[in-house]
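By convention in this document, chain letters (A, B, ...) are assigned in the order of the sequence lines, proteins followed by strands, and residues within each chain are numbered from 1.
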Amino acid sequence: MFKHQTKYFTTPIFYVNDAPHIGHAYTEVAADVLVRWHRAAGVDTRFLTGTDEHGQKILRTAEANGASPKEWVDRLVAQEWRPMLENLNIANDDFIRTTDARHEAGVAKFLQRLYDKGYIYEGEFEALYCVGCEEFKPKSEIVQGAAEFTGHKVCAIHSKPLELLQEKNYFFKMSAFQDRLLELYERRPDFIQPASARNEVIAFVQQDLTDLSISRNTFNWGVPIPWDESHVTYVWFDALLNYITALEYSTSVVGDEPGSVALAKYWPAVHIVGKDILRFHAVIWPAMLMAAELAEPECVFAHGWLLVGGEKMSKSKLTGIAPHEITGTFGVDAFRYYFMRAINFGQDGSFSWEDIAARYQAELANGFGNLVSRVLAMNAKYFDAKQPESGDLTGADKQISELAARVTSLANEHITKYAIHEAIAVVWQLVDVLNGYITEQEPWQLAKDEAQRVRLATVLATATEGLRVLAQLLAPVIPEAAAKLWRSLGAVAVLGELSEQNIAAAGQWHKLPAGTPQEALPALFPRVEMAAGVKK
RNA sequence: GGGGCGUUAGCUCAGCUGGUUAGAGCAGAGGACUCAUAAUCCUUUGGUCGCGGGUUCAAGUCCCGCACGCCCUACCA
């Protein structure tokens, strides 16, 4: 089921100048769910995220705020980005900053290597440059300015005047890798996922690649080019390298150089990215790795956009939403659950306050939360808050245990294909069926007849085992609620910490010994007054 | 201009290599029950599968064209 011994997941590093919004949070949560699941399946899994801190745009905003660039990025990392990860319960192993010494050393080493191999050359470059985009603009994105910018050429995205830059630049010979890239896409159909993303990339690469300008010399906030310190590295070229510099690339084994084993152990990675930056990850990055004779990524998975009112969420249209707006109302687990469940991972998905409110109530509060409440309440009422001792299983009971096993197997299978939404949907079958099972078995009726004592115990033992399975299977998605449930079931004492459980074996039955004391548990997903959220 | 993706019940979406009366969840309607977060369970209303052709014994599911939406890319200028 999980074939790899090790797994390395990454998300893009955040451009610190941006304000965190639910798009960033979505990427992190998705990667985090995959990571937690793989870890729980016994795979040695590494999870990296971090921040992208170089470039002219950051330099300028720092200056505008009267700070040095380093002071500025330090502040944003500490006040915006790390808190976002903490708030979302992201369990990353590492947090790399492109201003880290280990990163800058790795970038320098990588550049020197490509230079020595002849993949970098000096050239002249003259083009219109947009500071906002951090890039030279293709003609398609250059438009005539309006209003105060009439007569100027402006960027189609930022509507601000472009600057004509003439530079001596260093170029990366990306064009040399066109055939090898196409061969890679052909040989490994899963390299770019989903298939729609793969199609786009192939079409793009078939149209001929141009070499990439990878240095700037008009400002100095960046990683110096090792052989020409009057230049700094282009921010994207710098940023992509974080995926290996975090694995101690600067001291690792490449060719015949001795060093760290982190790279050898974890590389190549599964890159989870938004589809807007797919090309950087599926074209430029593999070409860079080929040039350096490093393995290409295991996979580049492009997820979709969050649509608000049918349009891509954006700050400029005031549809940008900060994660804490949602977590503040519904909680972190609900945030994680909602985006993972409601959106097909890999496709665009609609977000609305009405939708999250409806799903919170129907699925988390009434479905799962209430299931937990009713089972624990009956255990407390009829069995003194202890795990009941199961008698012989009837057909109905066996259906539950069999479903638990089947659901465990299917969910794990879906995760290996990164189909997070499918995995959750499958697990949720157990939630729904358990609610039906309890209603049909009517334990409250059994309780009225002393002769049915064993049957009552069997029903509640079965339902409680079901909760135990759910705690394990849902732990990657809703870690806080799952941990509370695990503790409440008394499972910590008899089975150990939830994080130590093997998720691939969650479906095994009769794990909770009879008599295990349980603890009362307040509602996991209490009803939320929607008014405030819906009006928003 | 070239290309990609999408268009299925009020809403959000499933429908793999074409094959029984097109599905789910939510919302709506009716009923049952009381362990539980006025929760749960059962039943049920609801669709010309964007439009028009074609292939086939048979098409939501393949082919062609068109419309609309989003995206990538190019160019005229």
**Message:** What contact category does L371(A) fall into here, base, sugar-phosphate, or nothing, at under 4.0 angstrom with non-hydrogen atoms?
**Reply:** nothing

**Complete:** Of A362(A) and W305(A), the one whose closest nucleotide on RNA chain B sits nearer the 5' end is A362(A)

**Fill in**
Assert: residue with more 5' nearest nucleotide on RNA chain B, out of G367(A) and F525(A), is F525(A)

Expressed in whole Å, how much space separates the [atom1] atoms belonging to [N] and [M]?
N: rG3(B); M: rC66(B); atom1: P; answer: 11 Å
N: rG50(B); M: rA59(B); atom1: P; answer: 15 Å
N: rC16(B); M: rC57(B); atom1: C1'; answer: 23 Å
N: rG46(B); M: rA29(B); atom1: P; answer: 16 Å

Name the pairs: protein N/O against N/O of nucleotides 32-36 of chain B, kept only if under 3.5 Å.
residue : atom : partner : partner atom : Å
rU34(B) : OP1  : Q445(A) : NE2          : 3.0
rC35(B) : O2   : R374(A) : NE           : 3.1
rC35(B) : N3   : R374(A) : NE           : 3.3
rC35(B) : N3   : R374(A) : NH2          : 2.7
rC35(B) : N4   : R374(A) : NH2          : 3.2
rA36(B) : O2'  : N370(A) : OD1          : 2.5
rA36(B) : N3   : N370(A) : ND2          : 3.2
rA36(B) : N3   : R374(A) : NE           : 3.3

**Main-chain N/O of A239(A) paired to N242(A) side chain as donor or acceptor, under 3.5 Å** = yes

**Message:** Looking at D238(A) and Y234(A), would you say the former's side chain and the latter's main chain have a donor-acceptor pair under 3.5 Å?
**Reply:** no

**Selection residues 423-433 of chain A - residue pairs positive for side-chain hydrogen bond (donor to acceptor under 3.5 Å, both in side chains), sequence neighbours left out** = none

**Prompt:** Please, which pairs that meet side-chain hydrogen bond (donor to acceptor under 3.5 Å, both in side chains) have at least one residue in residues 459-470 of chain A, sequence neighbours excluded?
**Reply:** N379(A)-T464(A), E465(A)-R468(A), R468(A)-Q472(A)

**Item:** Under the salt bridge (charged side-chain N to carboxylate O under 4.0 Å, His left out) test, residues paired with E422(A) that sit two or more places apart
**Value:** none

**Prompt:** Can you list every salt bridge (charged side-chain N to carboxylate O under 4.0 Å, His left out) pair that touches residues 186-199 of chain A, not counting sequence neighbours?
**Reply:** E183(A)-R187(A), R188(A)-E296(A)

**Asked** Which pairs, with at least one residue in residues 437-459 of chain A and sequence neighbours excluded, count as a salt bridge (charged side-chain N to carboxylate O under 4.0 Å, His left out)?
**Response** D397(A)-R455(A)

**Prompt:** N89(A): what forms a side chain to side chain donor-acceptor pair (under 3.5 Å) with it, not counting sequence neighbours?
**Reply:** E480(A)

With a 4.5 Å limit on heavy-atom distance, are the side chains of [X] and [Y] in contact?
X: P513(A); Y: Q387(A); answer: no
X: F525(A); Y: Y360(A); answer: yes
X: M378(A); Y: I438(A); answer: yes
X: I321(A); Y: H21(A); answer: no

**Asked** Which dot-bracket string fits RNA chain B when only Watson-Crick or G-U wobble pairs with both atom distances under 3.5 Å count, crossing pairs get [ ], and | stands for a partner on a different strand?
**Response** (((((((..((((.....[...)))).(((((.......))))).....(((((..]....))))))))))))....

List, one per line, each side-chain donor-acceptor pair under 3.5 Å for residues 276-291 of chain A, sequence neighbours excluded.
residue : atom : partner : partner atom : Å
H281(A) : ND1  : I277(A) : O            : 3.0
H281(A) : NE2  : Y243(A) : OH           : 2.7
W285(A) : NE1  : H271(A) : NE2          : 3.0

**Message:** Generate the contact string for nucleotides 10-17 of chain B. Rules: B means base contact, S means sugar-phosphate contact only, - means no protein heavy atom under 4.0 Å.
**Reply:** --SSS---

**Message:** Suppose we call two aromatic rings close when their centres sit under 6.0 Å apart. Are F301(A) and F9(A) close by that rule?
**Reply:** no

**Message:** Can you pull out the residues from residues 396-405 of chain A that lie within a 4.0 Å heavy-atom distance of RNA chain B?
**Reply:** none

**For RNA chain B, the residues among residues 184-202 of chain A that have a non-hydrogen atom under 4.0 Å from it** = S196(A), N199(A), E200(A)

